Amino acid sequence: MREAGFRAMKIRIDRNRVDEGIAAVRAVREELGDSFEIMVDLNQSWRMAGDTANASDLAKTRKIVARLTELDVFWVEEPLPYNDLEGFKRLRGENPGMRIAAGEMHHSPTELLRYLEEDALDIYQMDVVLAIGMHRARTLAELAHLKHRQFTPHSWTNGIGVLANLHVAAGVGGGPYFEFPYDPPGWTPERRDFLLAEPVRVNAEGDLEVPDRPGLGVELDEDAIDRWRIT
């Protein structure tokens with residue numbers, strides 16, 4: 001990961017394979033050291049199509065977060081269903097030094113405002129494409145900053161979605177990291193951004209540069225659009 005320019009990475013832990021997941025986090029920590037940041041995603045707040053199993057209950061999740069705190073994980077993402085506001089607040093209160101992140105697919109600005117009012121999260125992750133749009137994401141991100149909380153948007157779509165989220169994050173001072181969709185061999189910049197003339201890439205310093213072209217800075221590959229057109 002360091003060789004590819006990355007300064008942090010996120011590891012997803014399957015709720016049915018917790019011990020394996022935590023072992024993976026421990027192995028990465030031992031291999032890359034304390035200066036490399038690790039985030040963990042528990043994927044409990046929203047579900048992929050077909051995932052109908054119950055979420056882990058609060059008692060189990062509390063134990064998982066406590067174990068991850070010992071490994072100096074930077075944040076735990078989506079540890080509970082969105083409707084468990086009190087659970088989110090409890091996790092934050094019980095684990096000093098652990099950041100709790102969520103909101104990537106939350107479609108309700110009203111509920112996100114409630115999260116802010118109740119101070120339920122450390123990191124707000126509203127995706128400007130898949131959640132509440134660029135304008136509302138910017139507004140809520142600015143409100144989060146007023147409460148000294150952070151905004152790091154979810155951006156796992158394609159290169160166009162990455163750039164849309166990047167512009168909002170840069171405009172409000174999001175961070176300290178920006179989520180970059182990269183999971184080879186299946187999810188590479190070339191496959192993710194097949195509609196763009198050039199894939200969006202991280203530079204050698206581990207930074208994602210905001211394009212200086214008009215609009216989002218998107219340059220489409222017209223040949224690819226014609227080739228994959230559905231008629």
Side-chain angles (χ1 to χ4, degrees), residues 1-12 35-39 41 46 74-75 77-78 99 101-107 109 112 122-146 149-230:
M1 293 298 291
R2 289 187 189 278
E3 290 77 8
F6 294 98
R7 291 177 290 190
M9 70 178 297
K10 184 166 67 177
I11 297 173
R12 294 180 177 87
S35 63
F36 192 86
E37 298 291 4
I38 302 171
M39 295 79 166
D41 192 344
W46 68 276
F74 190 82
W75 79 50
E77 181 175 330
E78 308 259 313
R99 301 166 184 85
E104 61 187 41
M105 297 282 277
H106 211 312
H107 296 101
L112 286 163
D122 298 285
I123 313 286
Y124 288 81
Q125 299 180 294
M126 303 80 71
D127 190 313
V128 309
V129 177
L130 302 177
I132 58 174
M134 297 180 74
H135 178 69
R136 286 178 172 174
R138 178 185 176 92
T139 299
L140 288 167
E142 290 173 339
L143 291 174
H145 285 169
L146 288 174
R149 303 294 174 254
Q150 295 170 320
F151 171 63
T152 301
H154 174 270
S155 62
W156 277 78
T157 51
N158 53 34
I160 299 172
V162 170
L163 291 175
N165 279 287
L166 177 63
H167 275 273
V168 174
V172 299
Y177 297 98
F178 181 83
E179 184 176 59
F180 184 75
Y182 181 77
D183 191 11
W187 198 241
T188 62
E190 291 78 12
R191 296 186 70 177
R192 183 195 66 213
D193 300 347
F194 70 96
L195 287 179
L196 301 185
E198 290 291 336
V200 179
R201 299 184 187 277
V202 173
N203 66 25
E205 288 72 41
D207 298 321
L208 189 59
E209 299 177 16
V210 179
D212 58 7
R213 294 186 295 271
L216 295 179
V218 172
E219 184 177 348
L220 297 176
D221 182 341
E222 299 294 344
D223 291 336
I225 293 173
D226 289 339
R227 185 165 61 252
W228 298 107
R229 187 185 305 275
I230 298 175

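Note that this is a predicted model, so its numbers are computed, not measured.
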Evaluate the side-chain proximity of Val202 to Tyr182: yes if any heavy-atom separation is below 4.5 Å, no if none is. no
Partner set under side-chain hydrogen bond (donor to acceptor under 3.5 Å, both in side chains) for Asp122, not counting sequence neighbours: Arg92
Pairing residues for Glu142 by the salt bridge (Lys or Arg N to Asp or Glu O under 4.0 Å) criterion, not counting sequence neighbours: Arg138
I'd like to know if the side chain of Glu37 and the backbone of Met9 have a donor-acceptor N/O pair within less than 3.5 Å. no
Run the ring pair (Phe, Tyr, Trp, His ring centres under 6.0 Å) test against His167 and tell me which residues pass, sequence neighbours left out. none
Sub-3.5 Å donor-acceptor pair from the side chain of Arg7 to the main-chain atoms of Tyr177, do we have one? no
Any chance you could measure Glu179, atom CD, to Glu77, atom CD, to the nearest 0.5 Å? 6.0 Å
Closest approach of Pro181 and Ser155, non-hydrogen atoms and distance? CG-O, 3.1 Å
Quick one: salt bridge (Lys or Arg N to Asp or Glu O under 4.0 Å) partners of Arg191, sequence neighbours excluded? none
Taking every heavy atom of Val128 against every heavy atom of Ala137, the minimum-distance pair comes out as CG1-CB, 3.6 Å
Counting only heavy atoms not in Glu209, do more than 12 sit closer than 6.0 Å to its CD atom? no
Could you tell me if the side chain of Val200 sits less than 4.5 Å from the side chain of Leu166, heavy atoms only? no
Could you note down all residue pairs passing salt bridge (Lys or Arg N to Asp or Glu O under 4.0 Å) where residues 125-137 supplies at least one of them, sequence neighbours left out? none
What distance do Lys10 atom NZ and Trp156 atom CH2 have between them, rounded to the nearest 0.5 Å? 7.5 Å
So, the side chain of His106 versus the backbone of Leu112: is there a donor-acceptor pair under 3.5 Å, distance only? no
Test log, rule side-chain contact (heavy atoms from CB on, under 4.5 Å), inputs Phe151 and Val168: CA-CA 10 Å; Phe151 171 63; Val168 174; 3.9 Å; yes
side-chain contact (heavy atoms from CB on, under 4.5 Å) assessment of Phe180 paired with Leu208: CA-CA 8 Å; Phe180 184 75; Leu208 189 59; 3.9 Å; yes
Measuring from atom CH2 of Trp46 to atom CD of Glu78, what distance do you get when rounded to the nearest 0.5 angstrom? 8.0 Å
When you measure from the side chain of His107 to the backbone of Leu130, do you find a donor-acceptor pair of N or O atoms at a distance under 3.5 Å? yes
On a heavy-atom basis, which atom in Pro211 and which in Gly217 lie closest, and how many Å separate them? CB-CA, 3.8 Å
Going from CG on Asn165 to CE on Met126, what distance comes out if it is rounded to the nearest 0.5 angstrom? 10.0 Å
My understanding is that only residues two or more places apart in sequence, or in another chain, count here; which of them pass salt bridge (Lys or Arg N to Asp or Glu O under 4.0 Å) with Asp193? none
Aromatic Phe194 / basic Arg227 pairing, under 6.0 angstrom, 45° off normal: no
Once you round to the nearest 0.5 Å, how far does CG of Leu195 lie from CG of Asn158? 7.0 Å
Using the salt bridge (Lys or Arg N to Asp or Glu O under 4.0 Å) rule, collect all pairs that involve residues 149-177, keeping only residues at least two apart or in two chains. Asp119-Arg149
At their closest point, which heavy atom of Ala141 faces which heavy atom of Val172, and how far apart are they? CB-CG2, 3.9 Å
Measuring from Arg201:CZ to Thr188:OG1, what's the distance to the nearest 0.5 Å? 8.5 Å
Output every pair passing salt bridge (Lys or Arg N to Asp or Glu O under 4.0 Å) with a member in residues 152-166, not counting sequence neighbours, ordered by first then second residue. none
For Arg229, the side-chain hydrogen bond (donor to acceptor under 3.5 Å, both in side chains) test, sequence neighbours excluded, returns Asp226
Tell me whether Arg12 contacts the main-chain N or O of Asp41 through its side chain, where contact means a donor paired with an acceptor under 3.5 Å. no
Tell me every residue that passes ring pair (Phe, Tyr, Trp, His ring centres under 6.0 Å) with Phe178, counting only those two or more places apart in sequence or in another chain. none
Met134 versus Leu216: any side-chain heavy-atom pair under 4.5 Å? yes
If you look at every heavy atom in Val129 and Ala164, which pair is closest and at what distance? CG2-CB, 4.3 Å
Check residues 218-225 and write down every donor-acceptor pair under 3.5 Å in which the side-chain atom is one partner and the other belongs to a residue at least two apart or another chain.
from	atom 1	to	atom 2	distance (Å)
Asp221	OD1	Asp223	N	3.1
Asp221	OD1	Ala224	N	3.2

Under the side-chain hydrogen bond (donor to acceptor under 3.5 Å, both in side chains) test, which residues partner Gln150, sequence neighbours left out? none
